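Each remark here refers to the structure printed beneath this line.
Every chain is numbered from 1 and lettered A, B, ... according to where its sequence line falls, protein lines coming before strand lines. Small disclaimer: the values here were computed from a predicted structure and weren't measured. Below, all heavy atoms of this structure are taken into account, side chains as well, without hydrogens, waters or symmetry copies.
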Protein chains: 2
Amino acid sequence: MEARRDVFQAIADPTRRAIIGMIAEQPVNVNTIAEQFDVSRQAISLHLKILAECGLVEFRQTGRERLCEAKLDKLEEVHAWVQHYHQLWTSRFNSLKSFLEQEELESKTTGTPAKQPSRQISKRKK
Amino acid sequence: MEARRDVFQAIADPTRRAIIGMIAEQPVNVNTIAEQFDVSRQAISLHLKILAECGLVEFRQTGRERLCEAKLDKLEEVHAWVQHYHQLWTSRFNSLKSFLEQEELESKTTGTPAKQPSRQISKRKK
DNA sequence: TATAAGTGCAAGTATTTACTTGCGCAATGG
DNA sequence: CCATTGCGCAAGTAAATACTTGCACTTATA
């Protein structure tokens, strides 16, 4: 039942992202969060549970209230993952024009469309 | 049937993240991708479809092969979202020590616990 | 000490996933 | 031309999601 509870999975849901946005600045209790949404309190409670299971949210019991606090540093995994590709596509963009220009140049020179299937991996293992 | 196909949803699945990692450098055809995983080709094909629906992957038909190309710039939405909180938690970390020190200082000076908003000294869950 | 406020837990349901197997079809290449 | 390769489509399944309603249990508070 308890499946994978990773951060990527947790932030996949727009409601949960909205919850994070709501408590990022300061802790908020469960009912206050729930009031901001159209779904039931139980639904929000479940979202919070999911967020808590991957460490994105921690609870602090104060009397009968339960403050929900965002632990933003748990987003580090996502940040690192995206950052990697961000750098990749950024540097690629910088060299895109020159690449295309060169390709076009070759095409004009040799007369062939600069075919690229030579860049495949195509390693079979079965 | 066609539900929300946003990028967050797309990268929530570890298999799909692995696919992105595999084709980030250069385009790869469907079967070659599928061979890298333990699931069936159809499963991979479905993952690719989902990735394509949110623009993270584009296909290029070359003969009977279908090259899958990663469009990393589509990760921009995720990047921006995470980056926002990354800055938040980074700056917060930088000011945490001084905040606590100042709070403690005030507490000693005035004799009051300095309004106790978020002193999480007693968080020993689990 | 009733009551209200703040929440969790359990059960039930409608959708969505994530996969699988089986079949068909177009491009290739001997 | 015919077997092979590369893939999509469709049907079927098991499990996970996202919600809801109803009930029980603590704390504050009048």
Side-chain angles (χ1 to χ4, degrees), chain A residues 1-20 22-23 27-54 56-69 115-118 120-126, chain B residues 1-20 22-23 27-54 56-69 125:
Chain A
M1 304 276 177
E2 318 284 309
R4 58 185 154 78
R5 286 289 194 229
D6 60 42
V7 185
F8 286 94
Q9 168 71 17
I11 65 170
D13 188 278
T15 302
R16 288 197 285 271
R17 288 201 299 280
I19 290 177
I20 290 177
M22 189 175 304
I23 67 178
V28 183
N29 68 33
V30 178
N31 272 356
T32 305
I33 297 174
E35 283 164 8
Q36 303 294 118
F37 295 90
D38 278 338
V39 297
S40 70
R41 177 177 56 77
Q42 305 302 335
I44 298 300
S45 198
L46 179 59
H47 282 309
L48 285 170
K49 188 181 174 188
I50 291 173
L51 288 170
E53 279 172 10
C54 66
L56 268 172
V57 162
E58 283 185 5
F59 303 115
R60 208 149 22 104
Q61 195 79 30
T62 61
R64 66 186 164 185
E65 292 192 3
R66 197 185 209 194
L67 287 180
C68 308
E69 187 174 10
K115 61 183 290 192
Q116 73 276 80
S118 49
Q120 278 182 55
I121 325 180
S122 86
K123 64 166 185 183
R124 319 188 39 119
K125 68 168 180 181
K126 254 191 178 175
Chain B
M1 298 200 185
E2 318 285 306
R4 58 183 156 75
R5 288 286 194 233
D6 59 43
V7 185
F8 286 94
Q9 168 71 18
I11 66 170
D13 188 279
T15 301
R16 286 196 288 269
R17 288 201 299 280
I19 289 176
I20 290 176
M22 189 174 304
I23 67 178
V28 182
N29 69 32
V30 178
N31 272 355
T32 305
I33 296 173
E35 283 163 9
Q36 303 293 120
F37 295 90
D38 278 338
V39 297
S40 70
R41 178 178 55 80
Q42 306 303 332
I44 297 300
S45 197
L46 179 60
H47 282 309
L48 285 169
K49 187 182 175 187
I50 290 173
L51 288 169
E53 278 173 11
C54 66
L56 268 171
V57 163
E58 283 185 5
F59 303 114
R60 208 147 24 101
Q61 195 79 32
T62 59
R64 63 186 167 187
E65 291 194 1
R66 199 185 207 194
L67 287 179
C68 308
E69 186 174 11
K125 285 197 68 169

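- The minimum heavy-atom distance between A/E65 and A/Q61, with the atom names listed, is O-NE2, 3.3 Å.
- For B/S40, whose side chain is taken as the heavy atoms from C-beta onward, the closest listed nucleotide among C/dG8, C/dT20, D/dT21 is C/dT20.
- A/L56 has its side chain out of reach of A/I50: every pair of non-hydrogen atoms, C-beta onward, lies at least 4.5 Å apart.
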Could you list, one pair per line, each protein nitrogen or oxygen that sits under 3.5 Å from a nitrogen or oxygen of nucleotides 9-11 of chain C, together with the distance?
unit_1	atom_1	unit_2	atom_2	d
C/dC9	N4	A/Q42	OE1	2.4
C/dC9	N4	A/Q42	NE2	3.0

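- When atom types are taken as modelled, the side chain of B/R17 and the backbone of B/I11 share a donor-acceptor pair closer than 3.5 angstrom.
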Pick out the pairs of N or O atoms, protein on one side and nucleotides 26-29 of chain D on the other, that lie under 3.5 Å.
unit_1	atom_1	unit_2	atom_2	d
D/dT27	O2	A/R64	NH1	3.2

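- Rounded to an integer number of Å, the gap from CZ of A/R60 to C1' of C/dG6 is 16 Å.
- Between the P atom of C/dA18 and the CD1 atom of B/I11 lies a distance of 13 Å, rounded to the nearest Å.
- Picking from D/dA18, D/dG8, C/dT7 the nucleotide with the shortest atom distance to the side chain of A/V30 gives C/dT7.
- Pairs engaging residues 31-45 of chain A under the side-chain hydrogen bond (donor to acceptor under 3.5 Å, both in side chains) rule: A/N29-A/T32 [sequence neighbours left out].
- A pairwise comparison of heavy atoms in B/V57 and B/F59 identifies CG1-CE2, 3.9 Å as the closest pair.
- In this structure, A/M22 CE and A/R16 CZ are separated by 14.5 Å, a value rounded to the nearest 0.5 Å.
- Atoms CG (B/N29) and C1' (C/dA27) sit 14 Å apart, rounded to a whole Å.
- Counting to the nearest Å, the C1' atom of C/dG8 and the CG atom of A/L46 are 12 Å from each other.
- Contact between the side-chain N/O atoms of A/Q9 and the OP1/OP2 oxygens of D/dT17 is found at a separation under 4.0 Å.
- Among the nucleotides D/dG8, C/dT20, C/dG6, the one closest to the side chain of B/V39 is C/dT20.
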Practice task
Might you work through the side chain to side chain contact (heavy atoms under 4.5 Å, CB included) test for A/C54 and A/D6, ending with a clear yes or no?
Solution key: CA-CA 6 Å; A/C54 66; A/D6 60 42; 5.9 Å; no
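- The phosphate of C/dT17 has neither OP1 nor OP2 within less than 4.0 Å of any side-chain N or O from B/H47.
- For the pair B/I23 and B/E69, the tightest heavy-atom approach, listed with the atom from each and the gap, is CD1-C, 4.0 Å.
- For B/L67 and D/dG6, the CG to P distance is 12 Å, given to the nearest whole Å.
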Practice task
Just do the side chain to side chain contact (heavy atoms under 4.5 Å, CB included) check on B/F37 and B/H47 with the steps written out, would you?
Solution key: CA-CA 12 Å; B/F37 295 90; B/H47 282 309; over 6 Å; no
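- Between the P atom of C/dT16 and the CD atom of B/E53 lies a distance of 13 Å, rounded to the nearest Å.
- The nearest whole Å value for the distance from the CD1 atom in B/I44 to the C1' atom in C/dC19 is 10 Å.
- Taking the nucleotide of DNA chain D with the nearest heavy atom to each of B/F59 and A/A43, the more 5' of the two is matched to B/F59.
- The nearest whole Å value for the distance from the CG atom in B/D6 to the P atom in C/dT16 is 14 Å.
- For A/S45, no side-chain nitrogen or oxygen approaches OP1 or OP2 of C/dT7 to under 4.0 Å.
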Practice task
Evaluate the side chain to side chain contact (heavy atoms under 4.5 Å, CB included) criterion for residues B/V28 and B/L67: first the C-alpha distance (whole Å), next the side-chain angles of each, then the deciding distance (0.1 Å), finally the verdict.
Solution key: CA-CA 5 Å; B/V28 182; B/L67 287 179; 5.8 Å; no
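- Mapping A/I50 and B/N31 onto DNA chain D via the closest heavy atom, the residue that lands nearer the 5' end is B/N31.
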